[in-house]
Amino acid sequence: MSTEQSDVPLPPPGRRLRARDAILVVLTATVLLVLFQGQSVRNWGEQMDPGIGRDIVLGVGKPVGWLADRLPLHDAADDATSWLASEDDLGDAGGFDTPAPTSAGERGGIPPVSPESFDPATLGEDPPKLELDKLLVTGDSLVMPLDVVLARRLADEGVEVVRDSHVGTGISKSGLVDWGKLSTKQVEDEEPDAVVVFIGANEGFPIPVAGGREVECCGQEWAAAYADRVRRMMNTYRRGGAARVYWLTIPTPRDGDLADISSTVNAAVDVASVPWRAQVRVLDLVPVFSPGDRFRSSMEVDGKKELVREPDGLHLTEDGAELAADLVLDAVERDFPR
Amino acid sequence: MSRPPLWKPFILVASYVFYGAADPRFCLLLAGVTLANQFASLQIDRAPDRRTKKRIMIAAVAVDLGVLGIFKYYGFFSDELNSTLDAVGLGLPVPLANIALPIGVSFYTFQAISYTVDVYRGIIKPAPLIDLAIYLAFFPHVVAGPIVRAREILPQIAKPRDPNDVRVGAAVVLIGVGLVKKVAIADFLAREVVDPVFGVPQAYAAPDAALAALGFAAQIYCDFSGYTDIAIGLALLMGIVFPQNFDRPYSATSFRDFWRRWHMTLSRFLRDFLYIPLGGNRHGELMAARNVMITMLLGGLWHGADWTFVIWGGIHGSALVIERVLRGRVPAPPVWLRWLIVFSVVTLAWIMFRSADIGLAWEFLTRLADPGAATLWSFPVVAAIVLVIGLQLVPQRPLAEVRMSVERLQPAALGAALAAIIVLVGATVPSGGVPPFIYFQF
């Protein structure tokens, strides 16, 4: 090897230590982090998709989480650093860990049908006159870049568009963000006239049901549990009938496993909206982006072939988001005529 | 002194596991680039004459640039070609393909080029395959640099430093500072001001647009230099020294000075492998200006397959050329004015860099002239921007003394300090987690 040692960058000035000191530094930091934040490792593992990575993280996370649970250090650290938190506490209201309020007839007898189950338009009635001042666009990573596209398209219309995406979260994955609590907080804070929801990139996680059991995706029981959560969110977002909700279904993903999950999620969303067809619109993106339930990455738009799906086979590209925005804005226009 | 025999295989496997975590298929591409360049370098070494060596080197560089072209630029060029053909009525569509961009491809292909070209130039001999594989895949730098040269790293892989000479304190300080820069400052500015305004500029007026432009200048510095700090710190813990990548770029008082301080490893790569081979400044001022423009335009395109990056490179290229032409012909302005000019142009150029397309960049610029209310100004945002830019302008000695006092802590105290920083920084992370480093997309 004729390489000159002089080409090697000089190390930064400072104290020289031994390699074993480096190991001691890393070990000390690791032990302290386990004691103060051990639960975080376990929580993160529980949010990961099934696979060897999840197994490894949980293999470490469960014992260190168990240890950290028995020490008061985590709460102390949380209290000491709460002033740095980037988000307000979501509070307890509306969380999926508390049972949903139910009417007497819903569990056992025949559930009552309310007038809100009917969209006036389908009955030939005139819809109520509504004004759109504030639109909340929310969801997981699926809602990006649709949220930006909608904000740009409505920027000159005098509509305030609030964008609130929570990447990596899911309705069946409430360890990271409980969408029941989040939707309640969003409505309390923003009081939107309309809400666009596009979520479902991180679903398929087991959902706890009555009796302390967890149901695995994606059979009838999981679909029902998922629909139950979606229905609670829809009810929150519709604000007792004062707001309109536009819930987008997931276009068929390329990946077969994800396609199975999204198919169940879409079916659950449709069922969840039934009691409030007057206020909740399910905008089906499947026939637009994946007709026949078959994935396609590109499609003809205004006579030109455009890529509408990202290389990951799930998310929409900017062109795809423009198409989805057309669909959303058509529906908004029907409810909020100018 | 030799490393333990398992060090190389272990670090190679660890690096591939790290790289494959995003998508295991990309490991095949990295391995392919490694094998192709090793094959080429061995052939160059054995070739009997200079002409054959040159042909092999050109073929290897073409393979590297081909990989970059297919995975990074195919979509961009096919789209542009289709639009052009469509506009002239030819209607001969080039197939659209949505190709996933392998993380770090821009960095490791450049490093592979540096290896093969240095073998061709006779600066280094071909390294053992495992050394080359570690050099290209070494996990601290594989995804976003710094762009280290073969001649800097291969000797360190082959012949390790003294295990009794590890700069542990410096490494811990770098990792801690990097975490604060990325998570506590860059991501905070992105959330609070940069992403909202650059996403929908038409919804904001001049005060917010100006704050977002300054915010992005601070964000991208903290994001990228934060990553680099962490990468350099991690490598130091393993006894590997990376070159410096940033040196207070916003203190620059000329554009040439800026490029000696910003992404220094890219600057020197472009200088050594593009600007100088093009002729550098050896053929008169006009040719030098041409070479600067070509270098900066391609440097812009290296950042991403979009016209916004090309224009960004063009702005910097033009500024460098104008500065070159004026030097010695007009009296130099006072230092503060030179700083203001450089900082203003750099910040305005960032608008093009950050905008999703040219139309939105133009919209953003028009907003800078649109009087209106400041809706996003807050003390933490302004303080973060002032802190990031201001700390680059003040004398560095007091900061260095603080750094040295931390570095002098005992190992256990250093570990405790690192844990404390991770806990503090972690508290600022929102529910959506930490967004990827900006340079991961390049």
Side-chain angles (χ1 to χ4, degrees), chain A residues 1-5 7-19 21-22 24-33 36-37 40 53 77-78 81-82 84-87 147-148 151-152 155-156 161 163 165-169 176-177 182 297-298 304-307 309-312 317-318, chain B residues 21 75 82 86 93 96 98-101 123-125 127 149 151-152 154-156 158 161 163-172 188 191 196 199-200 202-203 236-237 239 241-244 356 404 407-408 411-412 414-416 418-420 422-424 426-433 435:
Chain A
M1 189 93 168
S2 70
T3 310
E4 292 174 25
Q5 279 286 330
D7 289 324
V8 173
L10 291 172
R15 194 161 61 121
R16 301 168 180 193
L17 291 173
R18 294 165 300 175
D21 293 323
L24 181 60
V25 168
V26 174
L27 272 179
T28 307
T30 306
V31 168
L32 288 172
L33 287 171
F36 279 88
Q37 300 285 331
S40 303
D78 268 2
T81 59
S82 59
L84 284 167
S86 60
E87 289 168 349
D147 55 349
V148 176
R152 284 182 202 145
D156 297 328
V161 177
R163 294 181 278 144
S165 56
H166 294 261
V167 178
T169 64
L176 201 55
V177 164
L182 177 62
S297 60
S298 62
K304 197 180 165 204
K305 199 141 187 159
E306 300 280 11
L307 289 166
R309 306 293 290 271
E310 290 287 354
D312 63 11
T317 62
E318 185 102 6
Chain B
N82 277 335
D86 209 33
L96 286 176
N98 214 351
I99 301 172
L101 179 67
I123 296 170
I124 55 171
K125 297 287 278 178
R149 284 191 280 208
R151 67 182 99 151
E152 295 168 331
L154 285 173
Q156 300 187 63
R161 288 174 179 277
N164 292 316
D165 180 11
V166 182
R167 310 297 165 109
V168 181
V172 169
F188 167 73
R191 273 195 311 274
V200 193
Q202 49 270 62
L236 265 184
L237 282 178
V241 184
F242 284 170
Q244 210 182 343
M404 294 296 278
E407 287 180 20
R408 278 195 289 270
L414 279 171
L418 184 60
I422 292 172
V423 170
L424 286 169
T428 69
V429 176
S431 60

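Lettering of chains follows the sequences in order, A, B, ..., and the numbering in each one begins at 1.
Under the salt bridge (Lys or Arg N to Asp or Glu O under 4.0 Å) criterion, A:Arg15 pairs with no residue, sequence neighbours left out. Remark: A:Thr28 pairs with no residue by the side-chain hydrogen bond (donor to acceptor under 3.5 Å, both in side chains) rule, at least two apart or across chains.
For chain A, the nearby part of B:Ala356 is the side chain; its heavy atoms alone come within less than 4.5 Å. For chain A, the nearby part of B:Phe242 is the backbone; its heavy atoms alone come within less than 4.5 Å. Proximity to chain A is limited to the side chain of B:Ala170, based on heavy atoms less than 4.5 angstrom apart. Interface remark: B:Leu236 contributes side-chain atoms only to the contact with chain A (heavy atom separation under 4.5 Å).
Note: B:Arg167 leads B:Gln244, B:Arg167, B:Arg408 in heavy-atom pairs under 4.5 Å with chain A. Ranked by heavy-atom pairs under 4.5 Å with chain A, the list B:Gly169, B:Ala21, B:Ala171, B:Pro196 is led by B:Pro196. Between chain B and the options A:Ala155, A:Ala151, A:Pro13, A:Pro12, the largest number of non-hydrogen pairs under 4.5 Å is found for A:Pro12. Counting heavy-atom pairs closer than 4.5 Å to chain A, the top-ranked of the candidates B:Ala203, B:Pro243, B:Ala420 is B:Pro243.
Between the B:Gln156 side chain and the B:Val241 main chain, a donor and an acceptor come within less than 3.5 Å of each other. Using modelled atom types, no side-chain atom of A:Thr169 and backbone atom of A:Val177 make a donor-acceptor pair closer than 3.5 Å.
Closest of all the heavy-atom pairs between A:Arg163 and B:Gly199 is NH2-CA, 4.4 Å. When all heavy atoms of B:Val423 and A:Ala77 are compared, the pair lying nearest together is CG1-CB, 4.3 Å.
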